[in-house]
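Just follow the structure's listing: the first ligand is 1, and inside any ligand the first atom is 1. Values reported hereafter were calculated over all heavy atoms of this structure, with side chains retained and with hydrogens, waters and symmetry mates removed.
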Amino acid sequence: MDLLIWIDGNLVPKQDAKISVYDHGLLYGDGVFEGIRAYSGRVFEKKAHIQRLYDSARAIRLTIPYAQEELSQALDETLAANKMRDAYIRLVVTRGTGYLGISPVNCARPTVFIIADTIQMYPEEMYRHGMAIITASTIRNHPNSLSPKIKSLNYLNNILAKWEAVDAGVPEAVMLNHLGYVCECTGDNIFIVKGGDLITPAEEAGILVGVTRQVVINLAQAADIPVRQINLTRYDLYTADECFLTGTGAEIIAVTSIDKRPIGPGKVGPLTRQLAEAFHRKVREG
Ligand code: PMP
């Protein structure tokens, strides 16, 4: 069966789910989105994702033409229509169809669509044994230019960093900020473990404030693991006991080497394992 895509209020077969070439989401990356997972028929952290979408939209002066509750129901509808229990959902709001030229004022109505599909971010093997990453020379967007807190359709910054990973033969790259501190990877947040503490860059570093990041922080705190949100340098990464990445698509994945430096003993660490197990329990139990 062909996938059914929710687009502007209608469920249509994938081959008919089309948007205009005049849509500013396509012409200028003018729009916002969410990547969301459903586990066992339930949308995971739905409220947090919807809230972030509306916050991203507000930050770019985009008025989503649906109430939060309506979009929340549309997510469930799309899952149900595709009879999916486990899915990766893409919820996108673009500025809509306008004229050529960047002005958003002629875009009459935002385009909204929801795709429920599947995703495998990294090979299974890497989830078991961890992966190698590099630091990209491409820095994260300056927060006063395009705040990384906005989950916008403009991913070129991250895509350029991803090219560096591809060129180095690794699946991900760490991006630093304009001050040289660690931000996050191209599609995931980053954590290290040092001396029993769980450490991740603070929001102020200029990161996308990940939903999975917050879930992991909560799980760690519930397990009495001290959590610190501070500035990290590459030195801190290289000398960490453990390192892992979090994201809706990635879930939790261990990093065992950065810029050719093995992290700890170069194996998936015990705290990473503990948190990954707690995470998988949580997503199943809701
Ligand atoms: N940072 C970036 C740049 C991302 O694209 C993502 C994936 N959305 C994340 C972090 C992780 O965020 P979340 O846990 O909300 O998926």
Side-chain angles (χ1 to χ4, degrees), residues 29 31-39 43-57 59 75 86-93 114-122 127 133 135-136 138-143 145-165 171-178 181-192 198 200-220 227 229 232 243-253 255 272 275-276 278-280 282-283:
V32 294
F33 76 103
E34 281 296 316
I36 308 169
R37 270 191 194 266
Y39 297 96
V43 176
F44 184 61
E45 293 291 315
K46 196 190 210 186
K47 231 174 131 178
H49 282 289
I50 297 244
Q51 188 58 52
R52 187 171 65 186
L53 181 81
Y54 278 77
D55 285 346
S56 293
L75 289 175
D86 293 301
Y88 176 78
I89 304 167
R90 183 55 60 90
L91 166 56
V92 182
V93 185
I114 302 168
I115 306 168
D117 205 332
T118 54
I119 199 169
Q120 166 107 33
M121 288 277 284
Y122 303 111
Y127 282 92
I133 63 173
T135 310
T138 307
I139 63 163
R140 197 70 174 92
N141 286 322
H142 192 295
S145 169
L146 175 63
S147 172
K149 287 186 177 179
I150 301 171
K151 197 163 169 60
S152 87
L153 292 178
N154 256 289
Y155 256 57
L156 262 184
N157 176 219
N158 305 46
I159 289 164
L160 293 181
K162 192 78 165 185
W163 266 126
E164 296 185 50
E172 251 301 11
V174 180
M175 301 179 79
L176 308 177
N177 67 15
H178 60 288
Y181 292 113
V182 174
C183 280
E184 58 185 334
C185 287
T186 70
D188 331 282
N189 292 112
I190 189 164
F191 285 83
I192 60 168
L198 183 66
T200 194
E203 287 185 24
E204 296 73 50
I207 59 168
L208 180 81
V209 185
V211 170
T212 320
R213 172 183 180 274
Q214 191 56 51
V215 168
V216 167
I217 289 172
N218 294 347
L219 287 171
V227 180
Q229 300 181 46
L232 292 173
C243 177
F244 63 87
L245 311 182
T246 65
T248 298
E251 301 181 301
I252 297 181
I253 187 157
V255 171
T272 304
L275 288 166
F279 178 80
H280 288 291
K282 178 172 171 64
V283 301

Checklist entry - Counting only heavy atoms, which portion of Glu251 has something under 4.0 Å from ligand 1: side chain, backbone, both, or neither? => result neither
Next on the checklist: Tyr155 versus ligand 1: do any nitrogen or oxygen atoms come within less than 3.5 Å of each other?
Outcome noted: yes
Next on the checklist: When you measure from the side chain of Tyr127 to the backbone of Ala250, do you find a donor-acceptor pair of N or O atoms at a distance under 3.5 Å?
Outcome noted: yes
Checklist entry - Do ligand 1 and Lys151 have nitrogen or oxygen atoms that lie under 3.5 Å from each other? => result yes
Next on the checklist: Show, in sequence, the C-alpha distance, side-chain angles and deciding distance for Phe279 and Thr212, and conclude whether the side-chain contact (heavy atoms from CB on, under 4.5 Å) test is met.
Outcome noted: CA-CA 9 Å; Phe279 178 80; Thr212 320; 3.7 Å; yes
Checklist entry - Is there at least one pair of N or O atoms, one from Thr212 and one from ligand 1, spaced under 3.5 Å apart? => result yes
Checklist entry - Less than 3.5 Å between some nitrogen or oxygen of His49 and one of ligand 1, yes or no? => result no
Next on the checklist: Geometry only, no angles: is Gly210 polar-contacting ligand 1 at N/O separations under 3.5 Å?
Outcome noted: no
Item to check | Residue portion contacting ligand 1 (non-hydrogen atoms closer than 4.0 Å) for Asn158 | outcome: side chain
Next on the checklist: Testing Lys46, Lys47, Arg52 one by one against Glu34 for a salt bridge (Lys or Arg N to Asp or Glu O under 4.0 Å), which residue passes?
Outcome noted: Arg52
Checklist entry - Does even one non-hydrogen atom of Gly187 get within less than 4.0 Å of ligand 1? => result yes
Next on the checklist: So does Leu208 get a backbone contact from the side chain of Asn189, meaning a donor-acceptor N/O pair under 3.5 Å?
Outcome noted: yes
Checklist entry - Under 4.0 angstrom from ligand 1, any heavy atom of Glu34? => result no
